[in-house]
Amino acid sequence: MEEFQHSYRRLCKESGAEPQETVLQQLQELPRGRLDLATQSLTVETCRALGKLLQKEALLTELILSDCMLSEEGATLLLQGLCANTVVRFLDLKGNNLQAAGAEALGQLLRQNKSIQSLTLEWNNLGPWEDAFAAFCGALAGNGALRQLDLRNNQISHKGAEELALALTRNAHLQQLDLRWNSIGLLGGRALVNCLPRNRTLWRLELAGNNVPGDILRAVEQAMDHNQERQTTSRENRARTHVLSKEVQHLQEEKSRQGSGWLCPQFLDLMETIDKQRKEMARSSRASAACVGQLQEALNERHSIINALKAKLQMAEAALALSEQKAQGLGELLAMAEQEQRSLAQRQAKERRLEQQVGRRAGGQAVLGGVTSGAHAPSHPQEAAERESKLLRDLSAANEKHLLLRNQVDELERKVRSQQEQLFLARQELTNTAAELKIRAVQAEERLELEKKRSRQSLEDVEQLRAKEVEHMTRHLEESERAMQERVQRLEASRLSLEEELSRVKAAALSERGQAEEELIKAKNQVRLEEQRLAHLEEKLRLLAQARDEAQSACLQQRQTVADAQARASQLSLQVEGLRRRLEELQQELSNKDQEKVAEVTRVRVELREQNGRLQAELTAQEALKEKVAALERQLKVMASDHREALLDRESENASLREKLRLKEAEIARIREEEAQRASFLQNAVLAYVQGSPLRALSPQK
């Protein structure tokens, strides 16, 4: 990492800033692949230099910048540098108080970077900036590399949770999301729960410390369990598919080694069986997914019904509490009215008693007092009557008010009873709904378990069938190997017969070649002027011999690449040596064994019949040449020029015959390779033996 340190110094000097000593110390002690600058206060110049370095750095896979007190500008510069990085897998920005600009820079990072798999943003301030956080969530929706995201303690509200839920519906790669200790609340929790049925990759979602109700937390936990089970099942299916593909590849390799055509029907049957099993598994998985989706929709509907009933219950309880408060107030008013009525009755009784006493006193005074007092006597009964009438009116008004309040109390009591009855019915309906929901949930769980058992049973059946197919293919391979060994033995026998036939052909060609050589010697003695041309032809023959030696060396190199072929080639070379020593004995036995080997070499003779015809034509041409040579001997003195032209024609025809023989040898070698691939090295050994003999120019090779 010294180069990284020098680059950091150079960039700081170019920008006119001093490099930070703490950063240099961390770079000096840098472990391989990990840059840890935690708790280091990074300046804007340092962030600019690090951002430029991270654009081209190809060794760092972990970058830890937690509690670095990054400013908005510094964080933006660092994140812009990371946008072009393709190596960093882990990024930690914990405790840097990132706000609106930081959220926008993070959104740009998620849109452009395709390598970061883990992003830690704990203890920042991304939630309050709704527009910037919405941009961050939009970038998260389109990111295909991030697997783990930590957003703890970011003051995320229910609106931010809704944006995250919208992003999760489109993101199919994020697996872990930590949202603990935020302010998501009931609405945000519901938004996250509603998005989970459309996300099948997220298997860990933490919502503790968000004031989310317990039923939503349980629904989230259940969805995470389903996703985890689904991923486990998919991993098992992928593993089994990989094993099956390996088995198929192994069978293909065995097929290519054992030869073409003998394994095709069994291999095609196996491939058809595997395709059927795959289709059956896909159909069962789709049916299970559809069933689980229907059950999830039914559960969601039941949850919504329960939530509506709970809301109605809360409203009824609030109305009941309000009516109870009203009834209590009216009761207090009624008690006050009764108390006033009792006080008025007591006051009226006291006034009546006073009036009676005053009346008695007034009667006594009227008897004793005289005329003056008699004039004032009628005033007291009049005042008493007025007061009594007033009290009666007040009493009647109080009675009416009392009756009215009593009627209101009765009405409120009736309303309270009706609301209590409605509340009881609502509670009973809620209980019935909850019981029905539990029953359906249990039925759904049972159906899910049944589907799991069926899928497992189908997988076990597939595994057993695959084992049976593998065992069957193994038996078939063994049988085929035995058949191939028998075929090799038959080919060995045919090789021996072909060698015998070849030796006979070589003997005939040897005699013909001897005659041709005698005639050529006579022609050379007679025509001394053609020696230079013949020498040139011999040079060409030498070059051909060198080409033959090169071909032999290439064959030797090919034999060295195959260990089994080397062993067989060595055995065949020993057999060829033995055959060479016993060549004369075999020639004597050929006449006795011709009739026995006719049936075995009939097929080869049919193939060589056409070639023998061509050789006979060439031999007739050679006989014609012999006649021409004899004629040239008789007419040598008279037709010297014609003799030279005839010799030139004869030499050209000999060259063409040699070329035809070479082409026939190549064609025969190709036919032998197609006929018996296993015996190719044996045939090459025979070919090498035939080519090494002095009769190769006139003897056809098989």
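For the numbers below, each heavy atom of this structure counts, side chains included, while hydrogens, waters and symmetry mates do not. Since the structure is predicted, the reported quantities are computational estimates derived from the model, not experimental observations.
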* Does Q117 reach the side chain of Q148, with side-chain heavy atoms less than 4.5 Å apart? -> no
* Just wondering, do V87 and L60 contact through their side chains at under 4.5 Å, heavy atoms? -> no
* L648 CG to E651 CD distance, which is reported to the nearest 0.5 Å -> 6.0 Å
* Structure fact -> Rounded to the nearest 0.5 angstrom, the CG-CG distance for D649 and L625 is 9.0 Å
* salt bridge (charged side-chain N to carboxylate O under 4.0 Å, His left out) against R200, all qualifying residues, sequence neighbours excluded -> none
* Asked: Tell me, do S115 and R89 make a side-chain contact under 4.5 Å, heavy atoms counted?
  -> yes
* Using atom types as modelled and distance alone, determine if a side-chain donor or acceptor of N113 lies under 3.5 Å from a backbone N or O of A84. => no
* To do: Would you confirm whether T201, through its side chain, and L174, through its main-chain N or O, come within 3.5 Å as a donor-acceptor pair?
  => yes
* Flag the pair Q55 / N85 as yes when at least one side-chain heavy-atom distance between them is below 4.5 Å, and no otherwise. => no
* To do: Start with the C-alpha distance between V88 and T61, add both sets of side-chain angles, then the distance that settles side chain to side chain contact (heavy atoms under 4.5 Å, CB included), and finish with yes or no.
  => CA-CA 4 Å; V88 174; T61 57; over 6 Å; no
* Asked: What is the distance from atom CG of L657 to atom CG of L619, rounded to the nearest 0.5 Å?
  -> 9.0 Å
* Asked: Taking only residues two or more places apart in sequence, or in another chain, which ones meet E62 in a salt bridge (charged side-chain N to carboxylate O under 4.0 Å, His left out)?
  -> R34
* To do: Could I get the full list of side chain to side chain donor-acceptor pair (under 3.5 Å) partners for Q515, not counting sequence neighbours?
  => K626
* Asked: More than 12 non-hydrogen atoms from neighbouring residues, nucleotides or ligands closer than 6.0 Å to NZ on K468, yes or no?
  -> no
* Asked: Within the side chain of N199, is there an N or O that forms a donor-acceptor pair under 3.5 Å with the backbone of T169?
  -> no
* Do L450 and E446 have side chains that get closer than 4.5 Å, going by heavy atoms? -> no
* Asked: For the residue pair R111 and K114, what are the closest heavy atoms and their distance?
  -> O-NZ, 3.4 Å
* Do the side-chain N and O atoms of N237 and R240 include a donor-acceptor pair separated by under 3.5 angstrom? -> no
* Please step through side chain to side chain contact (heavy atoms under 4.5 Å, CB included) for the pair N171 and H173, ending with a clear verdict. => CA-CA 6 Å; N171 188 300; H173 302 280; 3.9 Å; yes
* Test item: R198 and L168 side chains (from C-beta on) under 4.5 Å apart, heavy atoms -> no
* Structure fact -> Interatomic distance, CG@L146 vs CD@Q175, rounded to 0.5 Å, equals 10.0 Å
* Asked: Does any non-hydrogen side-chain atom of R662 lie less than 4.5 Å from one of R658?
  -> no
* To do: Report the distance from atom CG of L149 to atom CD of Q176, rounding to the nearest 0.5 Å.
  => 10.5 Å
* Separation between CZ of R238 and OG1 of T241, rounded to the nearest 0.5 Å -> 9.0 Å
* Report yes if some heavy atom in the side chain of W203 is under 4.5 Å from a heavy atom in the side chain of Q231; otherwise report no. => yes
